[in-house]
Amino acid sequence: MLRTHTCGQLRKENVGETITVCGWIDSYRDHGGSLFVDLRDRYGKTQVVFTAESGPGILDTARMLRDEWVIQVTGIVAPRPEGTINPKLDTGEIEVRSRSLTVLNKCQTPPFTPSTRDLPGEDLRLKHRYIDLRRAEMQRTLILRHRMIKGMRDYFDQHNFLEIETPILGRSTPEGARDYLVPSRVHAGKFYALPQSPQLYKQILMIAGYDRYVQVARCFRDEDLRADRQPEFTQLDVEMAFVTAEDIIGIIDGLVQKLAKEVLGLDVPLPLPRMTYDEAMEKYGHDAPDLRFDMQIVDCTDLAAQTEFRVFRAAADAGLKVRGMNAKGAASKYSRSMIDEMTDWVKNDFGAKGLAWFKVEADGSLASPIAKNFAPELLAQIKDRLNGAPGDFLVFMADTFEVTCKGLYALRKKFGVDLKLYDPAKMHCSWIVEFPMFAWDPEEKTWAAMHHPFTAPRPQDLAKLDSDPAACRAIAYDLVINGSEAGGGTIRIHDQDVQQQVFRLLGIDAEKARDRFGFLLDALQFGAPPHGGIALGIDRWVMLFAGLDNIRDCIAFPKTQKASDLMTEAPGDVDLRQLRELSIQTVKPAK
RNA sequence: GGGGACGUAGCUCAAUUGGUUAGAGCACUGGACUGUCGAUCCAGAGGUUGCGGGUUCGAGCCCCGUCGUCCUCGCCA
């Protein structure tokens, strides 16, 4: 090693020792006769002092040092003089009196420095990621990520799971997300697909008898990005044989508790609370509600049916829903123009026709441009239904159940942030269970699998599979942390007949099924044990545990919203020769 | 594919809302200084205001297009 100690290591106890440290220059302060350098590595910072005593020429060399140069210093650990102790540094009680200095590498004037207070734009950080990753905050996150993944691996190892790798080059399955494709050279015109998840492989592993499987698995989905979505992400993929949903949930409960304790020092009582999908949609408008605060959606369709207010009345008569929410004490928070903005937002983004609202006045009356359309008794009933008190802000949407869900869910989220309805340091973990098996796809005019086509229906719903698909509930469970989907899984179908029935319903005929999942269908006939599993989004877990609002900050080398890598400039052009070898011709996209 | 925000010195931002030679802090260059730790002080250099077009006597500012980054709807079994 070129060093005897790291930059975060030295303490008073080391005073008098001759040591060698290496690192990057975090900052320097040139006082003429003496020069101070804060030397940084991932363990911390240590102050190095250069003076005439350092030796011939050393102070002159030190004077040339600049930010981010890489140096090696040998010196004597000395206590800092009275009054110059720096409490901001762990090593602030000592300094290294330099006796020798080696410039290991210079650095061009960097576009920004790791210690900068004005964080530059994200594009610059991504282009020079090697500098960005030197920042303490990025290091903290990546260290946290390491500890969490290690914690997961240890936990599953202790529970007798085996980590087994599955292929990256697989076969395309048009269901689900868009695949990333990899052309085959050997098979001209054919393509591999990168895995969206190791779903089929892990089921095969169950059939193969590896009854407790786990993998830290890279997954790929060629869909548009979001703050919490990358095209390339990491799942903790789990599958178990001879289990019920309770077993899977129990295992993950234990993992949540362990990591919350180890990483955040939080005590999470078990079992984690559960809510059905239907209840979540009814009360919160979403299958991953943020339960850190308790604002609930209230159905007022019956009251709407009695009003003269055309919008409400027409919706109720047409069999639509009128649902509302009470933002407690928020009446004074939102001005007329802010409400107009809110209204435009729910119209543009969620297809709402409008937003009805009331402010509860000091005398208990409801103030709103539409209030005159309501009989006073009805206003009182509406207020009571939403538990309205003076100062409250009541919002309503009249639309299909789906649209009211989307709009009110979004508003609820906004209220949560605007009104600071929860403690950001807290964590709320829960399970959403009993998802529908199928969702109607109006465009394709077919039933689509809500989760994936191998999801087992509840036994009591088997009979309804053909007669009433919408009523079928799956043995499915999603883990929700702070309103974010942190994982999801199902018990799988291990019975050929049920599998065929589900395929039929999804419009996957025997030939198609054969073509796409033939190997799984075959395997199911060779002694498949009952099995099920779950996949956790590791990047999101890190984001939630670190309290970040952006998944890119949890990934060493993330992609931009247009899925490019600003550092490597991927995706890039390839030689014509490479294309020829792959039997590929590119076509300029039509303008 | 749709909606929105942003783009000015290497970086973070400003420019009295269309008006003279586009400014500041940090970084950079040169100098001073032996106890700083966001060091300080003096001096200096640094700009095709993302790019292309238009409107105007005059554009960093207005309009159109385009590129990039971010947020979002659709999409994400």
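Each chain gets a letter, A, B and so on, in the order the sequences are listed, and its residues count up from 1.
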What about [X]: does its side chain form a donor-acceptor pair under 3.5 Å with the base of [N]?
| X | N | answer |
| --- | --- | --- |
| A:E95 | B:G35 | yes |
| A:D224 | B:G74 | yes |
| A:N86 | B:C37 | yes |
| A:R80 | B:C37 | yes |

Which is it for A:N482 and A:Y422 under the side chain to side chain donor-acceptor pair (under 3.5 Å) test, yes or no, and what are the steps along the way? CA-CA 10 Å; A:N482 295 353; A:Y422 54 87; over 6 Å; no

Could you check which of [options] has an atom nearest any side-chain atom of [X]?
| X | options | answer |
| --- | --- | --- |
| A:N550 | B:C11, B:C71, B:U36 | B:C71 |
| A:R229 | B:C37, B:C11, B:C76 | B:C76 |
| A:T560 | B:G68, B:U72, B:C70 | B:C70 |
| A:A227 | B:C71, B:C11, B:G35 | B:C71 |
| A:S564 | B:U69, B:A39, B:U12 | B:U69 |
| A:E223 | B:G35, B:C76, B:U69 | B:C76 |

Applying a 4.0 Å non-hydrogen cut-off, can you work out what [X] is touching in the nucleic acid: base, sugar-phosphate, or nothing?
| X | result |
| --- | --- |
| A:A177 | sugar-phosphate |
| A:K406 | sugar-phosphate |
| A:L225 | nothing |
| A:P81 | base |
| A:L119 | sugar-phosphate |
| A:E122 | sugar-phosphate |
| A:R552 | sugar-phosphate |
| A:R40 | nothing |

>> Quick check on B:U17: syn or anti? Syn means the glycosidic torsion is within 90 degrees of zero.
In response: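 Syn conformation here, the glycosidic angle of B:U17 being no more than 90° from 0.
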
Between [M] and [N], how far apart are the [atom1] atoms? Round to whole Å, please.
| N | M | atom1 | value |
| --- | --- | --- | --- |
| B:C13 | B:A9 | P | 11 Å |
| B:C57 | B:C75 | P | 50 Å |
| B:U48 | B:A5 | C1' | 26 Å |
| B:A59 | B:A43 | C1' | 35 Å |
| B:U12 | B:G7 | C1' | 14 Å |
| B:U56 | B:U66 | C1' | 23 Å |
| B:U17 | B:C11 | P | 28 Å |
| B:A39 | B:A27 | C1' | 15 Å |

**Request:** Specify the residue among A:W345 and A:R221 whose closest nucleotide of RNA chain B lies further upstream toward the 5′ end.
**Result:**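 First, find each residue's nearest nucleotide; the 5'-ward one identifies A:W345.
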
If you assign A:M450 and A:F350 each to the RNA chain B nucleotide with the nearest heavy atom, which residue ends up on the more 5' nucleotide?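 Its nearest nucleotide being more 5', the pick is A:F350.
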
Between A:E239 and A:G533, which heavy-atom pair has the shortest distance, and what is it?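 For A:E239 versus A:G533, the nearest heavy atoms are OE1-CA, 3.2 Å.
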
Distance below 4.0 Å between A:R226 side-chain N/O and B:C73 OP1 or OP2: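 Affirmative; the distance criterion is met.
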
| Distance test, side-chain N/O of A:K562 to OP1/OP2 of B:C67, below 4.0 Å |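 Checking B:C67 against A:K562, no side-chain N or O comes under 4.0 Å of OP1 or OP2.
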
Taking atom [atom2] of [N] as reference, at what distance in whole Å does atom [atom1] of [X] sit?
| X | N | atom1 | atom2 | value |
| --- | --- | --- | --- | --- |
| A:L124 | B:G68 | CG | P | 17 Å |
| A:F50 | B:U36 | CZ | P | 18 Å |
| A:L126 | B:C70 | CG | P | 7 Å |
| A:K414 | B:C71 | NZ | C1' | 13 Å |
| A:Q561 | B:C75 | CD | P | 17 Å |
| A:D565 | B:U69 | CG | P | 11 Å |
| A:Y180 | B:C76 | OH | C1' | 12 Å |
| A:D123 | B:G10 | CG | C1' | 14 Å |

I'd like to know whether A:Y180 forms a ring-ring contact (aromatic ring centres under 6.0 Å, His included) with A:F191, so could you lay out the CA-CA distance, the side-chain angles of the two residues, the decisive distance to 0.1 Å, and finally the verdict. CA-CA 10 Å; A:Y180 275 102; A:F191 293 83; over 10 Å; no

Counting only Watson-Crick pairs (N1-N3 plus N6-O4 or O6-N4) and G-U wobbles (N1-O2, O6-N3), all under 3.5 Å, who is the partner of [N]?
| N | answer |
| --- | --- |
| B:U40 | B:A32 |
| B:G46 | none |
| B:G19 | B:C57 |
| B:G65 | B:C51 |
| B:C70 | B:G4 |
| B:C26 | B:G10 |

Heavy atoms of other groups near A:K464 NZ, more than 12 under 6.0 Å: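 Enclosed: over 12 neighbouring heavy atoms sit under 6.0 Å from NZ of A:K464.
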
request  = Please list, chain by chain and in numerical order, all residues satisfying salt bridge (charged side-chain N to carboxylate O under 4.0 Å, His left out) with A:K127, sequence neighbours excluded.
outcome  =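 Checked A:K127 against salt bridge (charged side-chain N to carboxylate O under 4.0 Å, His left out); zero matches.
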
Exercise. Checking ring-ring contact (aromatic ring centres under 6.0 Å, His included) for the pair A:Y284/A:H286: CA distance, chi angles, key distance, verdict?
Worked result: CA-CA 6 Å; A:Y284 305 100; A:H286 197 263; over 10 Å; no

Item to check | Sequence-distant partners of A:F503, ring-ring contact (aromatic ring centres under 6.0 Å, His included), two or more places apart | outcome: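 Scan of A:F503 (ring-ring contact (aromatic ring centres under 6.0 Å, His included), adjacent residues dropped) gives A:F517.
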
Report yes if the side chains of A:K202 and A:T166 come closer than 4.5 Å at any heavy-atom pair, otherwise no.
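In short, these two side chains do not touch, never coming nearer than 4.5 Å.
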
Exercise. Distance-only, no hydrogens or angles: does the A:R178 side chain make a donor-acceptor pair with backbone N or O of A:D224 under 3.5 Å?
Worked result: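 No: the side chain of A:R178 does not pair with the backbone of A:D224.
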
| task | Ignoring hydrogens and angles, tell me if any N or O in the side chain of A:D60 forms a donor-acceptor pair with the backbone of A:G57 under 3.5 Å. | result |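 Between the backbone of A:G57 and the side chain of A:D60 there is no qualifying donor-acceptor contact (under 3.5 Å).
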
Using a 5.5 Å cut-off between ring centres and planes within 30 degrees, is A:F112 stacked on the base of B:C11?
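No, A:F112 does not stack on the base of B:C11, since the centre distance and plane angle fail the 5.5 Å and 30° test.
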
Margin query: Side chains of A:Q230 and A:D539 only: does a donor on one sit below 3.5 Å from an acceptor on the other?
Written below: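 Side-chain D/A pair, A:Q230 to A:D539: absent.
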
Scoring nucleotides 25-34 of chain B by protein non-hydrogen atoms under 4.0 Å (B base, S sugar-phosphate only, - none) yields --SSS---BB

Worksheet item: With under 30° as parallel and over 60° as perpendicular, where do the rings of A:Y130 and A:H128 fit, or are they tilted in between?
Response: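 Because their plane-to-plane angle is over 60°, the rings of A:Y130 and A:H128 count as perpendicular.
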
